[in-house]
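Note on naming: letters A, B, ... go to the chains in the order of the sequence lines (proteins, then strands), and numbering restarts at 1 for each one.
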Number of protein chains: 2
Amino acid sequence: MQLKKYTDYGLRILMYLGAKDGAEAHERLTTIKDICETFSLSSNHVNKVVHHLGRLQLIETRRGKNGGFFLAKAPNEIRLDYVIRQLEGDEPWIECHNPYCVALPACELKGIVARGKELFYDYLREFTLADLLKKRGQLQQIFSTAS
Amino acid sequence: MQLKKYTDYGLRILMYLGAKDGAEAHERLTTIKDICETFSLSSNHVNKVVHHLGRLQLIETRRGKNGGFFLAKAPNEIRLDYVIRQLEGDEPWIECHNPYCVALPACELKGIVARGKELFYDYLREFTLADLLKKRGQLQQIFSTAS
DNA sequence: TATAATATGCATTATTCATGTATCTTTGAT
DNA sequence: ATCAAAGATACATGAATAATGCATATTATA
Ligand code: SF4
Ligand code: SF4
C-alpha cells in the first residue's frame with residue numbers, strides 16, 4: 001500500500017516547473033535532463049512520466065533542439081487528486097474478481113473500502129500544485145543547488 | 001495502490017468466523033482447511049494469515065487434533081481500521097528517503113498524503129466486523145454451499 | 001502412539017514496478 | 001542541407017515484493 005515512485009516523480013516534476021520563474025515560455029523551458037540531474041533519477045523513467053503529463057495536458061512539451069516542457073496551466077488549476085489518480089491509475093483498492101470471491105454477493109467490505117478511497121481523493125481534491133509551492137523560495141534554492 | 005490479498009484474506013477469515021453460529025467454542029471451531037475450501041485459497045497463505053490474526057488476538061487458535069480457531073472478541077469489537085492497518089502494514093504511502101529526495105525539506109506533499117491516509121483509516125474506524133455481517137444469513141448460505 | 005491440527009522457516013514462482021537500450025521523429029541552429 | 005538536441009516510442013531487462021509451495025516442528029487429543 002504505497003504510491004508508485006512514478007506518481008511521485010510526476011509531482012516532483014510539477015513542483016520543479018512550478019517553482020521556476022520567468023515570464024517568457026522559453027525562459028521556463030525545462031528538459032528531462034534538468035529533472036534527472038536535480039533529483040538523481042533515471043532519464044528513461046522521467047521520460048515516460050513527462051510524456052504522461054503531456055498527454056494529460058498538465059504540461060506542454062516541445063520536441064527538437066532547445067525543446068523541453070513547461071506548465072500548461074496555472075499551479076492553482078492543477079488539482080492533486082487529478083494528478084495522482086491519473087498517474088497512479090484509478091483501480092479499486094480491493095480486487096474481488098480475479099479470482100472471483102464467493103463472498104462478493106453479500107460482501108459489505110468492498111463498498112466500505114471504495115468509499116474510504118474516495119474520501120482520500122476528496123481530501124486531495126482540496127489541494128493544488130500551488131499548495132505545494134508554499135515554500136517556493138526554498139524549493140528554488142534547493143533545485144538550483146542540487147543538479 | 002491496492003490492498004494486499006493477504007489483508008483481504010484476513011478479513012474473509014474474520015467474516016467466515018463471524019458468520020458462524022453455535023454457542024459452544026468447539027461448535028465454532030474452524031480449520032484452515034475449511035477456509036481454503038470455501039474460498040479456494042492456498043493453505044500455506046491462509047496458514048500465515050491465521051497465525052497473524054492469532055498474534056493480534058483477534059482469533060484464538062487451538063493446535064492439535066480437533067483444533068482450529070474462533071473469534072476471540074465480539075464482532076463489534078473488531079475495528080476494520082485496526083485489522084487492515086495491522087495486516088497491511090502501516091508504512092507511509094510515499095517513500096521520501098530510500099533514496100533521499102532533495103525536495104524533502106521544503107515539501108508539502110508528503111504531509112498532505114499522510115493526512116489523506118489518516119482520513120482513510122479514520123473512515124474505516126467507523127466500522128467493525130459486525131458491519132460486515134449485515135447479510136449474515138446470505139453469507140452463511142454462501143459459505144455452507146461453497147466448499 | 002498415531003493422527004490431526006497449527007507453527008515456523010525456507011524456497012520458489014509470479015507480478016508489478018523500475019530501469020535500461022535502441023531507435024524514431026521533430027525542431028532549431030549552423 | 002545537414003547536424004545535433006530534444007522528446008516519443010517500443011521493447012528488453014532487472015529488482016522488489018507479493019503470492020504460493022514444501023518440509024518439518026510442535027502441540028493436543030483420541
Ligand atoms: S471479501 Fe469482499 S472485498 Fe474481499 S474479495 Fe471478497 S467480495 Fe471483495
Ligand atoms: S517530493 Fe515530497 S513527497 Fe515526494 S519524495 Fe520528495 S519529499 Fe517525499
Check the phosphate of [N] against [X], side-chain N and O only, distance under 4.0 Å to OP1 or OP2. Yes or no?
X	N	result
A:Y9	C:dT19	yes
B:T61	C:dA7	yes
A:H51	D:dG7	no
A:S43	C:dT19	no
B:N66	D:dA30	yes
A:S42	C:dG20	yes

Provide, to the nearest angstrom, the distance between the [atom1] atom belonging to [X] and the [atom2] atom belonging to [N].
X	N	atom1	atom2	value
B:K4	D:dA16	NZ	P	17 Å
A:M1	D:dT17	CE	P	17 Å
A:L17	D:dG7	CG	P	11 Å
B:H45	C:dT8	NE2	P	17 Å
B:E95	C:dC17	CD	P	17 Å
A:Q2	D:dA16	CD	C1'	11 Å
A:L29	C:dG28	CG	C1'	12 Å
B:L3	D:dT17	CG	P	18 Å

Check: B:I59 and B:L14 side chains under 4.5 Å, non-hydrogen atoms: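 Yes, close enough: below the 4.5 Å cut-off.
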Sub-4.5 Å side-chain heavy-atom contact between B:R125 and B:L80: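 Not touching, per the 4.5 Å side-chain cut-off.
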DNA chain C: 5'-proximal contact among A:N47 and B:G68 (nearest heavy atom):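 Checking each residue's closest nucleotide, the 5'-ward one belongs to B:G68.
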A:Y16 ring center within less than 6.0 Å of A:F143 ring center: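 Yes; A:Y16 has its ring centre under 6.0 Å from that of A:F143.
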Residues in salt bridge (Lys or Arg N to Asp or Glu O under 4.0 Å) contact with B:R85, at least two apart in sequence or another chain: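 For B:R85, the residues satisfying salt bridge (Lys or Arg N to Asp or Glu O under 4.0 Å) (neighbours in sequence not counted) are B:D90, B:E118.
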Donor-acceptor pair present, A:K5 side chain and C:dT19 base, under 3.5 Å: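 Not at all, since no donor on one side and acceptor on the other fall under 3.5 Å apart.
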Donor-acceptor pair (no angle test) under 3.5 Å: A:R63 side chain, C:dT25 base: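 Per atom types, the contact qualifies.
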From D:dG7, C:dA4, D:dA4, nucleotide with atom closest to B:K65 side chain: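 Among D:dG7, C:dA4, D:dA4, the one nearest the side chain of B:K65 is C:dA4.
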B:D8/B:K4 ion pair, N-O < 4.0 Å: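 Not counted as a salt bridge, because no side-chain N and carboxylate O are separated by less than 4.0 Å.
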Sugar-phosphate, base or nothing in reach of B:K48, heavy atoms under 4.0 Å: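 Since a base atom lies under 4.0 Å of B:K48, the category is base.
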